[in-house]
Amino acid sequence: MVFAQARWDEPLIIQLSRVGKIGFHESHSYDRTVLDLIPSRLRRKQPPSLPEVSEIEVVRHYTRLSQQNFGVDLGIYPLGSCTMKYNPKICDAIAASHKIQELHPYQDERTAQGILQILYEASDFLTKIVGMDKITLQPAAGAHGEYTGVLLMRAYHLDRGEKSRDEVIVPDSAHGTNPASAAMAGYKVVEVPSNSEGCVDKEALKSAVGPRTVGLMITNPNTLGIFERDILEIAKIVHDAGGLLYYDGANLNAIMGKAKPGDMGFDIVHINLHKTFATPHGGGGPGAGPVGVTRRLADYLPVPIVEFDGSKYYLDYNRSKSIGKVRAFHGSAAVVLRAYVYMLLHGKEGLQTVSEVAVLNANYMAQKLRKIKGFSLPFGEGAPRKHEFVLSASLLAKETGVSALQVGKRLLDFGVHPPTIYFPMIVEEAMMTEPTETVSKQELDKMIQAFERISEEAYAKSDQPATSPHATTVTRIDEARANRPKTMQLTWRSTNPTS
Ligand SMILES: *Cc1c(COP(=O)(O)O)cnc(C)c1O
């Protein structure tokens with residue numbers, strides 16, 4: 001992971017540029033025809049100011065940069081709630097095939113039957129996994145799916161003439177995107193507290209619901225990794241008040257083939273393909289957050305939806321109550337394709353095994369880590385968790401001054417990415433840990449040993465945790481400076497007036 005020549009102030013590719021260097025010879029015959037199609041008034045007067053570098057400079061530059069970051073391909077990445085599981089390379093290989101790359105969304109449907117079939121079948125698999133009736137593949141991420149879901153709730157209530165509903169209820173353990181999505185849709189957010197078991201306080205929920213309730217947004221298992229056992233009762237409380245039940249399905253990894261949100265009483269579900277279904281995660285690239293609904297909400301789904309008439313697949317725009325489009329074309333088709341490959345690779349039993357192993361790994365680790373000096377497992381030390389658990393480093397912080405942040409930084413020196421820290425906010429010095437099923441027992445033990453070592457260091461008053469990480473390209477950053485808008489430079493501008 002550490003490379004002597006890796007530097008945080010690596011030159012930008014554009015700074016390596018020297019006039020006349022060539023890395024690639026393009027085919028001019030091909031270029032001419034394309035250029036002829038563009039009217040001259042729309043063509044550039046000057047060539048674009050692209051870096052001029054040799055092929056080997058490009059290879060070295062990007063290989064070096066790729067080694068300066070921590071990724072799932074490099075080590076254990078137990079970032080709770082985010083489900084950073086290994087993405088099988090075959091999914092990328094298939095998505096990179098020329099048959100997929102050369103498709104265009106404006107292509108005649110008759111010539112794109114293959115990808116439409118893939119989107120149709122992926123929709124079918126996902127719908128079955130969450131126990132819904134109909135699904136849209138359009139939203140580009142989990143938060144986008146939530147926003148789409150809240151718009152669906154609004155369309156439903158308005159269609160029934162219920163204009164006075166303006167409150168969305170979320171538990172205090174909810175992911176931050178839940179209240180944010182509700183607020184973006186113009187709704188007031190009402191928070192309900194968790195009880196001593198880490199589940200929704202039902203009495204508080206009863207007093208929160210009423211004629212103004214749009215719905216409840218909840219994730220189950222919740223962000224503490226605890227399954228809401230009383231979910232049917234919770235659903236009834238919300239439904240009796242005329243509200244809808246929204247399932248934040250970002251963390252489906254615990255329940256695939258075991259429990260369906262549809263059976264728990266949910267009306268709307270979003271799924272994070274980049275978490276549970278192993279599509280690439282992060283980096284700002286395209287993602288997918290499909291949203292499934294029950295029959296009574298199906299008419300409001302965004303258009304188009306891929307349908308099959310018995311002989312051909314087609315895009316159905318004919319939905320008069322649709323909330324419209326939430327994304328161009330059919331969403332991130334190549335991302336859905338990767339998830340489709342992942343689902344085919346595993347099959348029904350395989351997906352069940354994924355969930356079983358994810359839960360087993362989380363519980364093994366939770367029970368080992370909670371016994372290490374300075375750590376604890378709030379909301380039921382011995383109680384089983386699902387795919388993740390929230391450890392507290394509050395005793396460690398009190399007794400040694402080593403905080404969850406410092407534990408996280410120090411873990412990097414042992415080749416382990418830090419868990420999610422300081423979330424959910426109802427746990428002090430929270431370390432939300434999700435090993436996932438793609439981690440072996442050896443790796444789990446390696447991570448447990450790293451925690452033990454850090455605890456020993458902390459109680460021995462070593463300065464290692466406080467000064468870590470030491471083994472990474474960028475060591476301890478100045479958090480205050482990194483947060484000041486003027487010190488972050490994310491754009492590059494040439495100082496050479498002719499380029
Ligand atoms: C990740 C996550 C989200 C948001 O998903 P994005 O794709 O990052 O927008 C929502 N809820 C929970 C519980 C999550 O873990």
Side-chain angles (χ1 to χ4, degrees), residues 72 77-85 87 126 130 136-151 168-185 189 191 194 198-200 215-228 231 245-256 261 266 268-292 326-327 331-332 335-336 338-339 358 362 385-390 417 419-427 430-436:
V72 175
Y77 205 134
L79 195 67
S81 206
C82 296
T83 318
M84 301 295 291
K85 61 165 77 172
N87 305 164
L126 293 170
V130 291
T136 171
L137 299 175
Q138 266 187 35
H144 193 196
E146 289 172 30
Y147 181 64
T148 304
V150 178
L151 294 184
V168 172
I169 303 172
V170 294
D172 61 0
S173 63
H175 195 267
T177 49
N178 294 181
S181 306
M184 263 185 77
V189 176
E191 194 177 270
S194 303
C199 293
V200 169
L216 169 71
M217 295 179 86
I218 182 174
T219 180
N220 191 23
N222 63 27
T223 57
L224 294 166
I226 297 171
F227 193 84
E228 299 274 354
I231 190 63
L245 219 66
Y246 182 95
Y247 186 92
D248 175 342
N251 297 307
L252 219 52
N253 220 33
I255 63 161
M256 279 187 295
F266 285 92
I268 308 175
V269 181
H270 89 255
I271 306 164
N272 277 20
L273 297 188
H274 46 291
K275 292 184 182 169
T276 314
F277 298 94
T279 65
H281 192 154
V291 174
V326 296
R327 190 143 191 261
S332 308
V335 174
V336 176
R338 285 173 173 86
R385 297 300 195 270
K386 291 294 172 203
H387 61 300
E388 66 191 2
F389 58 92
V390 182
H417 191 280
T420 300
I421 54 172
Y422 302 110
F423 175 77
M425 285 185 295
I426 52 178
V427 173
M431 305 198 77
M432 185 190 208
T433 315
E434 181 179 6
T436 84

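Residues: numbered from 1 along the sequence shown. From a predicted model like this one, the values you see are computed outputs, not experimental measurements. Atoms within a ligand are numbered from 1 in the order they appear, just like the ligands themselves.
Heavy-atom proximity to Glu146, at under 4.0 Å, picks out these atoms of ligand 1: 10 (C), 11 (N). Residue Thr177 has at least one heavy-atom neighbour below 4.0 Å for each of these atoms of ligand 1: 3 (C), 4 (C), 10 (C), 11 (N). Per-residue contacts place Gly142 under 4.0 angstrom from the following atoms of ligand 1 (heavy atoms of the residue considered): 5 (O), 6 (P), 7 (O), 9 (O). Contact atoms of ligand 1 toward Ala143: 4 (C), 5 (O), 6 (P), 9 (O) (distance under 4.0 Å to a heavy atom of the residue). Ligand 1 places these atoms under 4.0 Å from at least one heavy atom of Ala141: 7 (O), 9 (O). Close approach to Asn251 involves these atoms of ligand 1, each under 4.0 Å from a residue heavy atom: 13 (C), 15 (O).
Any N or O atom pair closer than 3.5 Å counts here, and Thr223 shares no such pair with ligand 1. For ligand 1, none of its N or O atoms has an N or O atom of His144 under 3.5 Å away. The distance criterion of under 3.5 Å between nitrogen or oxygen atoms is met by Lys275 with respect to ligand 1. At a 3.5 angstrom cut-off on N or O pairs, Thr219 does not count as close to ligand 1.
Thr276 and Asn253 share no side-chain donor-acceptor pair at under 3.5 Å. Side-chain atoms of His270 and Tyr246 form a donor-acceptor pair, as typed in the model, at a separation below 3.5 Å. Checked by atom type, the side-chain pair Glu434/Ser81 shows no donor-acceptor distance below 3.5 Å. At a cut-off of 3.5 Å, with distance as the only test, a side-chain donor of Ser332 or Arg327 sits close to an acceptor on the other residue.
When all heavy atoms are compared, the tightest approach of Thr223 to His175 is CG2-N, 4.2 Å. Nearest heavy-atom pair, Ser181 versus Ala143, reported as atom, atom and distance to 0.1 Å: OG-O, 3.7 Å.
Asp248 OD2, 2.5 Å is the protein heavy atom nearest to atom 11 (N) of ligand 1.
When heavy-atom distances to ligand 1 are checked against a 4.0 Å cut-off, Asn272 comes that close only through its side chain, counted from C-beta outward.
Not one N or O on the side chain of His274 forms a donor-acceptor pair closer than 3.5 Å with the backbone of Val335. Judged purely by atom type and a 3.5 angstrom limit, Asn87 uses its side chain to pair as donor or acceptor with the backbone of Lys85.
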